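First up is the structure itself, then whatever we jot down about it.
These numbers were taken from a predicted model, which means no experiment stands behind them. Numbers for residues simply follow the sequence, beginning at 1.
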Amino acid sequence: MASKCCLYRPMVHFHPCPDLSLVKTGNISPKMFDQWKLSRGKMHIFSTISFTLVIFIFILASTLLSHNSVHSISRQEMQNPEAREPVESIKLMENVEDIDEKDHGNSEPPFNLTVEERISWFKSKGEFDGRIREFLDNHGCPVQFFMTWISPAESFGPREILAAESVFKAHPKGCLIILSKTLDSKKGRLILNPFLDYGYRILAVTPDLSFLFKKTPAESWFEEIKTGKKDPGEIPLPQNLSNLIRLAVLYKYGGIYLDTDFIVLKDFSMLKNSIGAQSIDSNGKWTRLNNAVLVFDKNHPLLFMFLEEFKSTFDGNRWGHNGPYLVSRVISRVDITQEFNFTVLPPMAFYPFDWTRIDGFFHRPNNRAYSKWIEAKLRQINGETYGVHLWNRQSAKSRIQEGSIIGRLISDHCIFCQDIYSS
């Protein structure tokens with residue numbers, strides 16, 4: 001029967017255990033037995049060190065293998081850019097209203113709600129469609145407007161406020177919904193509270209992009225963007241998403257979309273399924289349409305065609321391709337007199353000022369001839385124009401001067417009328 005010391009036999013060096021009975025009988029001297037114990041102790045130490053060394057070598061080899069694999073993948077990615085993870089598009093999407101965001105950044109209800117309204121608010125919080133429908137149903141809106149805002153809340157400045165004021169100046173009972181994560185916040189409510197304090201119907205709500213695009217041609221495009229299968233292009237993705245969101249929200253709810261640099265001059269309620277020409281040729285035929293103002297019924301087939309065009313021809317590197325040029329391409333292919341039941345309005349309806357000359361309309365007249373021209377232009381605008389596009393991309397640095405056409409139009413169509421000449 002083996003003794004207890006033989007239960008552990010290291011694989012590196014094997015030393016058979018002596019028979020302890022031989023020690024007892026004197027056949028092995030105690031000195032020899034002590035030497036064996038010392039040898040066995042050394043063997044244990046050596047075995048432990050050897051075993052630890054084996055483990056260390058194994059870990060080191062695994063680490064090196066993993067490191068080489070990473071470099072191998074990196075080399076593959078350099079050779080085949082399509083194999084890379086969509087890091088850039090993911091970072092861009094993080095800035096776009098945070099896709100599928102559950103927390104709207106709106107943890108506190110508006111200040112002026114009744115108990116019933118506050119309870120209802122908490123029930124609907126986080127539900128994009130529920131919030132919009134409740135807002136529209138509760139107010140019985142005779143006309144509903146939509147805007148988008150993709151910049152920080154603090155950037156929603158005097159000019160944008162004046163644009164919102166003009167909506168309510170012409171439509172005191174109308175409703176304005178601003179699709180924006182940044183304005184759907186405590187800071188955003190502080191900005192919009194003056195409207196609420198005066199009883200105007202305004203709501204900022206974080207758009208649920210998955211809901212907006214669901215069961216539309218945009219749904220598959222959006223999935224490709226999220227997964228990196230489609231190149232978002234060099235133009236900031238939020239700007240192209242703004243072009244898409246306006247189409248989707250009108251398709252889902254119907255109403256009027258306005259850019260935030262558009263000043264409303266008269267009642268829109270008589271307009272139906274309309275889009276404005278930006279320019280016309282010598283024969284009066286439109287040469288370019290624009291999507292800064294869109295008036296459409298819910299589920300209008302032309303909106304569906306716009307969404308299809310966005311998906312099939314998206315190009316994130318060409319400015320305007322997914323916006324004004326898109327609506328122009330689609331409408332150039334359809335017969336407006338037949339099944340689509342819509343109207344192309346002349347440039348004077350929404351775009352009386354050419355974007356290449358917009359800066360001049362911000363300046364006061366400097367001579368009598370220019371003053372007379374301004375008076376004639378204002379009479380024309382007051383008779384034919386629903387609103388004016390300020391072309392912020394070109395005019396953002398221009399200051400409105402007192403006596404200018406823009407200054408006079410805004411001062412006649414504002415509510416609070418603050419900071420007109422500092423915007």
Side-chain angles (χ1 to χ4, degrees), residues 129 132-133 136-137 140-148 167 170-171 173-177 179 212-219 221 242-259 262 264-281 283-313 320-352 383-389:
D129 182 54
I132 287 188
R133 292 189 184 280
L136 296 176
D137 292 345
C141 308
V143 57
Q144 57 198 45
F145 291 85
F146 294 93
M147 293 178 173
T148 63
V167 171
H171 312 85
K173 301 297 183 183
C175 295
L176 173 59
I177 297 174
L179 303 178
L212 277 175
F213 302 153
K214 188 175 183 179
K215 296 183 179 179
T216 76
E219 184 174 19
W221 174 88
S242 176
N243 286 320
L244 183 56
I245 289 170
R246 69 190 68 182
L247 302 175
V249 75
L250 291 185
Y251 186 71
K252 293 280 187 181
Y253 301 101
I256 301 163
Y257 169 82
L258 302 176
D259 273 359
F262 187 86
V264 176
L265 303 181
K266 64 174 59 172
D267 189 354
F268 273 60
S269 60
M270 298 304 292
L271 292 178
K272 187 176 179 65
N273 299 323
S274 303
I275 191 169
Q278 178 180 322
S279 58
I280 55 175
D281 60 20
N283 297 318
K285 183 179 180 181
W286 68 265
T287 57
R288 175 82 54 76
L289 304 180
N290 200 289
N291 65 338
V293 182
L294 299 168
V295 185
F296 281 100
D297 292 337
K298 176 181 177 180
N299 295 328
H300 194 281
L302 197 56
L303 289 171
F304 192 86
M305 292 181 67
F306 291 155
L307 291 165
E308 284 186 319
E309 182 76 6
F310 189 101
K311 171 198 171 185
S312 61
T313 68
H321 177 81
N322 311 302
Y325 291 105
L326 181 150
V327 295
S328 300
R329 288 195 305 271
V330 171
I331 292 181
S332 68
R333 300 195 297 258
V334 303
D335 185 349
I336 67 174
T337 63
Q338 295 182 358
E339 58 181 302
F340 294 103
N341 183 30
F342 81 104
T343 303
V344 174
L345 298 173
M348 280 301 297
F350 304 138
Y351 311 103
E384 303 177 33
T385 303
Y386 284 91
V388 294
H389 193 206

Check whether the side chains of [X] and [Y] place a donor and an acceptor atom closer than 3.5 Å, and report yes or no.
X: Asn243; Y: Asn322; value: no
X: Ser274; Y: Thr343; value: no
X: Asp297; Y: Tyr253; value: no

Open item on the list: How close do Ser328 and Trp286 get, counting heavy atoms only, and between which atoms?
Closed with: O-CH2, 3.4 Å
TODO: Taking all non-hydrogen atoms of both residues into account, name the closest pair between Met147 and Val167 and its distance.
DONE: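 So the minimum-distance heavy-atom pair works out to CE-CG2, 4.1 Å.
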Open item on the list: Can you classify the ring geometry of Phe296 versus Phe306 as parallel (below 30°), tilted (30 to 60°) or perpendicular (above 60°)?
Closed with: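 Taking Phe306 first and then Phe296, their aromatic rings stand perpendicular (interplane angle over 60°).
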Task: Whether Tyr251 and Phe304 hold their rings parallel, tilted or perpendicular, with breakpoints at 30° and 60° - done: tilted
Quick check: does any side chain N or O of [X] sit under 3.5 Å from a backbone N or O of [Y], one acting as donor and the other as acceptor?
X: Arg288; Y: Ile280; value: no
X: Thr385; Y: Met348; value: yes
X: Thr313; Y: Phe310; value: no
X: Asp267; Y: Ser269; value: yes

Open item on the list: Is it true that, when you exclude Tyr325 itself, more than 12 heavy atoms of the residues, nucleotides or ligands shown sit nearer than 6.0 Å to its OH?
Closed with: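 Counting other residues, nucleotides and ligands, OH of Tyr325 stays at 12 neighbours or fewer.
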Open item on the list: More than 12 heavy atoms of other residues, nucleotides or ligands under 6.0 Å from NZ of Lys311: yes or no?
Closed with: no
Atom [atom1] of [X] and atom [atom2] of [Y]: how far apart are they, to the nearest 0.5 Å?
X: Phe340; Y: Asn273; atom1: CZ; atom2: CG; answer: 11.5 Å
X: Lys252; Y: Asn299; atom1: NZ; atom2: CG; answer: 8.5 Å
X: Ile132; Y: Gln144; atom1: CD1; atom2: CD; answer: 9.0 Å

Contact between [X] and [Y] at the side-chain level, heavy atoms closer than 4.5 Å - yes or no?
X: Leu302; Y: Val330; result: yes
X: Phe213; Y: Leu244; result: yes
X: Phe342; Y: Ile331; result: yes
X: His171; Y: Leu176; result: no
X: Phe146; Y: Leu294; result: no
X: Leu271; Y: Tyr386; result: yes
X: Asp259; Y: Tyr257; result: yes
X: Met305; Y: Pro301; result: no

Open item on the list: Using the rule given for side chain to side chain contact (heavy atoms under 4.5 Å, CB included), can you reason through Val249 versus Ile177, listing the C-alpha separation, both sets of side-chain angles and the distance that settles it, and then say yes or no?
Closed with: CA-CA 10 Å; Val249 75; Ile177 297 174; over 6 Å; no
Open item on the list: Among residues at least two apart in sequence or on other chains, which ones pass salt bridge (Lys or Arg N to Asp or Glu O under 4.0 Å) with Arg329?
Closed with: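 Here the qualifying residues are Glu309.
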